[in-house]
Amino acid sequence: MGWIVAGFAAWAVGWWANALLARLPKSRATGLAVPVIFGLTVIVMWECFVRGLDVSSVILPPPSAIAARFAASTGILWEDFVQTVVKGALTGYVLGCGAAVLMAIAVDRFPFLQRGLLPVGNFVAALPIIGMAPILVMWFGFDWQSKAAVVVVMVFFPMLVNTVQGLQSSDRMQRDLMRTYASSYWQTLFKLRLPAAMPFIFNGLKIATTLALIGAIVAEFFGSPVRGMGFRISTSVGQLALDLVWAEIVVAAIVGSAFYGGVALLEKAVTFWHPSQRGRA
Amino acid sequence: ADEVTLQLKWVTQAQFAGYYVALDKGFYEEEGLDVTIKPGGPDIAPVQVLLGGGADVMVDWLPSALAAREKGAPIVNIAQPFASSGLMLTCLKEHGITSPEDFPGHTLGTWFFGNEIPLYTWMGKLGIPTDGSEGGVTIQKINFNVDPLLQKQVECATTMTYNEYWQVIDAGLTPDDLVVFKYEDEGISTLEDGLYTTEDKLADPAEVDKLARFVKASMKGWKYAEENPDEAADIVLENDETGAQTEKHQRRMMGEIAKLTAGSNGALDPAAYERTVGIVMDGGVITKEPEGAWTHAVTDKALN
Amino acid sequence: MTRSILPILTVVAAIFVLWYGAAVWLNAAWAHDKAGRAGVELSFGELVADTWSQDKPKLPAPHQVAVELWDTTVEKKITSKRSLIYHSWVTLSATLLGFALGTVLGVGLAIGIVYNRVMDMSVMPWVIASQTIPILAIAPMIIVVLNAVGISGLLPKAIISMYLSFFPVVVGMVKGLRSPGVMQLDQMKTWNASASQTFWKLRLPSSMPYLFTSMKVAMAASLVGAIVGELPTGAVAGLGARLLAGSYYGQTIQIWSALLMAAALAAVMVALIGAIQRVTLKRMGMA
Amino acid sequence: MSRDRGDTGVTTETVISAKGLNLTFQTNDGPVHALRDVDLDINKGDFVSFIGPSGCGKTTFLRCMADLETPTGGSITVNGVSPEEARKSRAYGYVFQAAGLYPWRTIGRNVSLPLEIMGYPKSDIADRVQRVLELVDLAGFEKKFPWQLSGGMQQRASIARALAFDADILLMDEPFGALDEIVRDHLNEQLLKLWDRTDKTIAFVTHSIPEAVYLSTRIVVMSPRPGRITDVIESTLPRERPLDIRDTPEFLEIAHRVREGLRAGHAYDD
Amino acid sequence: MSRDRGDTGVTTETVISAKGLNLTFQTNDGPVHALRDVDLDINKGDFVSFIGPSGCGKTTFLRCMADLETPTGGSITVNGVSPEEARKSRAYGYVFQAAGLYPWRTIGRNVSLPLEIMGYPKSDIADRVQRVLELVDLAGFEKKFPWQLSGGMQQRASIARALAFDADILLMDEPFGALDEIVRDHLNEQLLKLWDRTDKTIAFVTHSIPEAVYLSTRIVVMSPRPGRITDVIESTLPRERPLDIRDTPEFLEIAHRVREGLRAGHAYDD
Ligand SMILES: Nc1ncnc2c1ncn2[C@@H]1O[C@H](COP(=O)(O)OP(=O)(O)OP(=O)(O)O)[C@@H](O)[C@H]1O
Ligand SMILES: Nc1ncnc2c1ncn2[C@@H]1O[C@H](COP(=O)(O)OP(=O)(O)OP(=O)(O)O)[C@@H](O)[C@H]1O
Ligand SMILES: Cc1ncc(C[n+]2csc(CCO)c2C)c(N)n1
Ligand SMILES: [Mg+2]
Ligand SMILES: [Mg+2]
């Protein structure tokens, strides 16, 4: 009972602190503090409720147990991180996003492709990842190459849709201006359409960061060498080592947020001119 | 009627024929039970379902049940319909493996999720390193099918006598193309499909009574299935909601399963239990002798 | 529309050619193996014939998949468990429910983020973190927990589906709701428009292009979610269960037919959103 | 100093009052001092024109009145309260320098937008939209989308939008910039009539000296960077102003003064 | 009919020639006949102003010349070839009615954009940008982004952009609309000098009668819906035009003619 009361108390305190902080003028410190407090509140509540309701640790371990396991397994976690994130996810992300942008440009350039390839491409890209993953593992082997392939397939569609939409987003007058310069296709592309498409492209890039991570992890469920975050998660669930599962999930969350944050920073630098960024320095 | 939910360890197939037969033939009904059977799958840890309250009884292998128990899951074996193990390692002859001494330098594929325990134990007994060091084997995690073996991504793969082995044969290979190592023959067999429930259920006499009736009816189903394998296979097919199973495969599987359940009346054989514990402890999966991991309370009641 | 037929057919034809070629390439090893064991030499013609007709090919040929699709859709009653239409419906219903929930949640969160400072500063990082959790790992736990509180059937799958689909909507809509220009916002200010008026009359209309783009991605994501959700419900029914069962028995043809069916579902849904998008934007004078 | 309305003898109240107003923008390459020490009182019923070189801060000043920009120094009140409160009580209509119509609404629905927001009854809305569109000579274009109109037509639609509702204060930023002389004359006359009829207070930015002189009771001349008020010229023209008043010596005299004031702010020596 | 350049005795060549030009827009509520039977020849070195009520088709006509709109009837040639070919050979610079600067480029880089596209050498680009920005009095604002400038400054930047490269034909759509009289006078003079120096052909839309008269060799008056040419007035003013030419009777006489032509196209009876 005490634990549960403590849980609600933590929630009240966290909310109060954030409401207070949010009223302060916006700065780097408050921008960081608010989400951190939010997160801490969630964690404290989690701990309190797991203890208070006496939840079995094979169903949901308390954060303290996860933290202890995390600290004890940094070696394994690092090895898995390198295998899954650096080799699998990043490679796939770069290849997949790159391919999608190129494809979007091609689709945008040739009406023939736009009418032919886009529907078919949409169809192919809609093949569900869960079904594709075993097949790709079969084709590309157990190591990180197949994980990268899964990521490529996964990030391709969101990237394509966003980029195609972005390339069509420059306004009438801006395009007319380029026409009067008899600007070549490529010049218009690089000087007008791509810059104007950037807000959309970054939309895609941001969504793709998390997809890349999920894709690389999930693909390991379908066959892998004996390391990798997905491998560890799937095998540890079988062994009911849920604290290790959650430690891996924490790594995934941290890496994913950092990845997303990095792309968001880049976005801020590149699309500073867009109304959604302006005035929110 | 009393409600009982059974969580299987795997998808609907002849491996679980006894339960489906008992359901279909009304054996459960006769005992005043209303039974729901939940199929499993690769992503289901039956222990979680059991502890989460989603099921009253689950089917699991003893090694993984012991591991779960050491992790703090209060689960207890109440019956053991499978007397022997169907687990084996199947290699393609062309890779030149004829005996366990030939393993070093080769790639072995296994399912994880608790199923790797016997393999690691075996390798430990043979003194073959599995950490990728010199003179050891490479272990790969494979999906629950035999494609990696057929496509030569691994040289040996874990199979069950009743299922994957026949998939290899169906793929066009003959028994002559294969070398198989049955865990049963290597003296490292562990107990497979048993029935488990939680400690607090066993503390309640009413529950024990219900479970006893459940075990009784289930064993009746198993014995019926052993005697009428083709009918049992057809019952399984009817209950397969995915519509993916084939009659040929299930009938053959039922034939193999009958060999494994033969000789069990449902009561756990303490000697086989001790052997399994020994193997699992050698493998380092559990560190201390488990206590209270099984009981005859239910089977005693059911069989008298 | 008719203008698109020829290009689509061309592309499809190209894909088929590649596909048949790839089938020969990927299945050849097995054909050679088999022939080797039987002690015969394969001529090229025989090789091709064999690679296009294997029982469990690495990559089935298109016609094999087509036959399987035909058998499991047209030839079976739709109430049969062997009918792919039945399984598609099971998956589709979870997808649609999950998509609806995901879109509502996504738009709701985006509104919160755009309008509420506390949410703007605290929620987004955690929404992102939530997406980095491998759903396949926690889907079983979600199902177990929901089961324990008595929720089963369509809803758990839809919730997993929602979990995957709300994210693209949040990201897109935050951007979209913030896309009105400074002057347009100033105008609203001079009329002292309330927050809800600014939302309905300015922010929402300007976010339409973003909304539709996000919804297309979300629809594809929810289908994946529904399929993922089907795996730990015990592979009972649905395209996910078909995929899984196909995979255990090495039935590649069955896997591919379920895959193509899923893709077709997604494509139809995405196309539907596209059609609604065109009509809406046209009526809004933005197309 | 304030102009007495013919019918009343009392001193009129101050509607907008700026004291020592300063505004500095922070930009990527240093601060821009847009307004410096601006003092000005505008009384009820005044028609004040702002004129000055491009970039001198006219728009910025108007935006300060409308609570769209926060001054970095000095004070400004509207109707005796802060610009924010005035805005909240819907005290003014604002015509922006660019038309800023919503591309997804037809012209008719663009004009009706503020009315919807302010909760005018449906029937009233249709009437008003009709009336103001006629006023700016756009009747018949209700159903068109903004990008189907010429630049000048868009500008007129945006004027109609600001006139559709009853605000006591009108802030107009070069509303007639994109219009030809004839239409402009016509709208100038209409605006004067409206002003006379409704007793609105109008702040009006323009680049046309004759327009400023023709319309205003006072003309404020500004000079650039940092924007300051260099001259405030009281019009001696009568309230009743036919178009041909523009040929009278009195008119030309005022125009000359404005031009001189304006020229002082420029660096050209021609 | 064509104006002889003082130095040569030969008849000048036709640069833009429209014959029976028609353009109808299809809109959601029926077709809009924007141009009807427009005939016009513009000769090399001409400075032609277009004036007419808002919405009469001036922009549309300019867009036809620039190959931004395809006529639905009649023919138009530029430099003896189709507008498309002329556009491809980069025959003209276009100043749009709205500034249309790219928000992601600074002012300097907005102006250098066409130069980059046309492949001017790097060093030359910097020079030219500097020169045209000085011409429009925006030196020092290279590093600012468009949204940091006032409306008039943006408009001037867009003029600078069109002047930065050497096009023989300049199409200008109300370039000085948002500028005050002094800057406008200044830019008018600069434009005339440029024209005189470079022998460009200029088509210029304006709403200001004095501006049209001051700048042009010919003034084209248009009437609205469907847009037609109602009058073409040849200027008798000399090529050399100091600002105070605007007070001469000759000037006023031409201005009067234009005003009459314009008024005929309007429906106001005041
Ligand atoms: N894209 C379009 N679709 C439909 N109608 C259009 C389109 N563009 C212009 N019009 C119509 O064509 C007519 C002429 O427009 P245009 O822009 O040429 O006028 P303008 O003479 O430049 O006017 P202004 O001086 O106000 O800029 C107008 O009635 C306008 O409504
Ligand atoms: N958002 C902004 N950020 C930075 N500087 C700005 C911003 N808005 C305006 N300025 C600067 O403030 C000064 C005054 O601008 P303002 O728009 O008030 O001029 P204006 O008098 O309206 O000119 P115009 O007649 O050309 O419209 C200009 O130098 C401009 O560059
Ligand atoms: C969760 C879980 N999944 C798979 C197996 C291994 N296994 C046991 S029986 C069987 C069916 C096919 O032979 C398989 C794959 C397991 N023990 N636990
Ligand atoms: Mg301004
Ligand atoms: Mg125009």
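Lettering follows sequence order; numbering is per chain, from 1.
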Which pairs, with at least one residue in [range] and sequence neighbours excluded, count as a salt bridge (charged side-chain N to carboxylate O under 4.0 Å, His left out)?
{"range": "residues 251-266 of chain C", "value": "none"}
{"range": "residues 252-274 of chain C", "value": "none"}
{"range": "residues 235-245 of chain A", "value": "R69(A)-D243(A)"}

**Heavy-atom pair count under 4.5 Å with chain C, highest-scoring of L213(A), I135(A), I254(A)** =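 Looking at each option in turn, the highest pair count goes to I135(A).
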
**Prompt:** Between W246(A) and W46(A), is the ring centre distance below 6.0 Å?
**Reply:** yes

**Request:** May I ask you to decide whether E220(A) forms a salt bridge with K147(A), counting only side-chain N to carboxylate O separations under 4.0 Å?
**Result:**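 No, E220(A) and K147(A) are not salt-bridged.
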
**Message:** Looking only at heavy atoms and a cut-off of under 4.5 Å, which of L26(C), V12(C), N116(C), L9(C) has the most pairs with chain A?
**Reply:**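 Most heavy-atom pairs within the cutoff with chain A belong to L26(C).
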
**Item:** Donor-acceptor pair, side chain of S161(C) and main chain of K157(C), under 3.5 angstrom
**Value:**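 Between the backbone of K157(C) and the side chain of S161(C) there is no qualifying donor-acceptor contact (under 3.5 Å).
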
**Request:** State whether the side chain of T84(A) and the backbone N or O of F81(A) hold a donor-acceptor pair below 3.5 Å, judged by distance alone.
**Result:** no

**Residues from residues 211-218 of chain C approaching chain A under 4.5 Å (heavy atoms)** =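 Hits under 4.5 Å: T213(C), K216(C), V217(C).
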
**Message:** Taking side chain as everything from C-beta outward and backbone as N, CA, C, O, which of these in F200(A) sits under 4.5 Å from a heavy atom of chain C? Side chain, backbone, both or neither.
**Reply:** side chain

